[in-house]
Amino acid sequence: MTKDRNNTEWPLWEVFYQPKDGKPYEHAGNVHAPDAEMALQNARDTYARRNEGISIWVVPSDQITASSPEDRGPFFDPADDKPYRHPQFYSVPRSVKKRN
């Protein structure tokens, strides 16, 4: 994290929580805190005060690397040279019902 002497605001932390055992973590929101321990406490107080989850992760926001909106097209295009990745090659079992 870079420290800006003119910035008096605590660093921003992204909060993820796991709702139940075996479920994937979900993004809950973010909190400001000076360190990881206080970020975890603030996240618990803000996002898990009513037993919404069983586990919480906090990650410094400036440590997250994300794609940019300009990457929308080519970055997410499927690989045309790997047709086996497309679902048309797999049959759906009869026991699986289609959603309407």
Side-chain angles (χ1 to χ4, degrees):
M1 278 184 249
T2 59
K3 299 205 180 215
D4 181 4
R5 292 181 185 261
N6 297 326
N7 187 1
T8 58
E9 195 170 82
W10 286 343
L12 187 65
W13 298 74
E14 297 299 324
V15 178
F16 299 86
Y17 77 99
Q18 185 181 27
K20 294 179 182 176
D21 277 331
K23 296 288 183 181
Y25 280 75
E26 300 174 13
H27 185 251
N30 50 49
V31 294
H32 286 273
D35 57 35
E37 187 173 333
M38 185 174 277
L40 202 54
Q41 296 292 324
N42 291 348
R44 184 205 58 200
D45 293 346
T46 305
Y47 298 108
R49 62 181 170 239
R50 296 184 189 97
N51 289 332
E52 290 93 341
I54 60 167
S55 179
I56 296 175
W57 290 348
V58 291
V59 181
S61 290
D62 63 356
Q63 297 297 311
I64 295 175
T65 303
S67 63
S68 67
E70 295 82 31
D71 296 334
R72 178 181 284 177
F75 190 73
F76 292 102
D77 279 346
D80 291 335
D81 60 335
K82 298 175 182 173
Y84 55 88
R85 291 186 175 176
H86 298 281
Q88 70 263 20
F89 294 106
Y90 304 99
S91 61
V92 178
R94 290 183 180 190
S95 60
V96 176
K97 295 181 179 179
K98 291 184 179 181
R99 293 183 179 182
N100 293 330

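Quick caveat: nothing in here was measured; it's all calculated off a predicted structure.
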Any residue meeting side chain to side chain donor-acceptor pair (under 3.5 Å) with [X], in chain and number order, not counting sequence neighbours:
| X | answer |
| --- | --- |
| S67 | none |
| W10 | none |
| T46 | none |
| D77 | none |

Grouping I, L, V, M, F, W and Y whenever their side-chain heavy atoms are under 4.5 Å apart, do Y17 and W57 come out in a common cluster?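 No; W57 is not reachable from Y17 via cluster members.
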If you group Ile, Leu, Val, Met, Phe, Trp and Tyr by side-chain heavy-atom gaps below 4.5 Å, do L40 and V31 land in one group?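 Yes.
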In Å and rounded to the nearest 0.5 Å, what is the CD to CD distance from Q18 to E26?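 So the CD of Q18 and the CD of E26 are separated by 9.5 Å.
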Give every donor-acceptor pair under 3.5 Å between a side-chain atom in residues 49-56 and any protein atom, sequence neighbours left out.
unit_1 : atom_1 : unit_2 : atom_2 : d
R49    : NH1    : D45    : O      : 3.2
E52    : OE1    : R49    : N      : 3.3
E52    : OE1    : R50    : N      : 2.9
S55    : OG     : Y25    : OH     : 2.6

List in chain and number order the residues that pass ring-ring contact (aromatic ring centres under 6.0 Å, His included) with H27, two or more places apart in sequence or in another chain; answer none if no residue qualifies.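 Listed in chain order: F16.
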Atom pairs and distances, donor-acceptor, side-chain atoms in residues 69-76, under 3.5 Å, two or more places apart:
unit_1 : atom_1 : unit_2 : atom_2 : d
E70    : OE1    : S68    : OG     : 3.1
D71    : OD2    : S68    : N      : 3.2
D71    : OD2    : S68    : OG     : 3.3

Strictly by side-chain hydrogen bond (donor to acceptor under 3.5 Å, both in side chains), give each pair with a member in residues 29-41 just once, sequence neighbours left out.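 Listed by first then second residue: Q41-R44.
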Output all residues satisfying side-chain contact (heavy atoms from CB on, under 4.5 Å) with A33, sequence neighbours left out; order by chain, then residue number.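 Only W13, M38, A39, N42 meet the side-chain contact (heavy atoms from CB on, under 4.5 Å) criterion with A33.
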Please name the pair of heavy atoms, one in P11 and one in P34, separated by the smallest distance, quoted to 0.1 Å.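 P11 and P34 have their closest heavy atoms at CD-CA, 4.1 Å.
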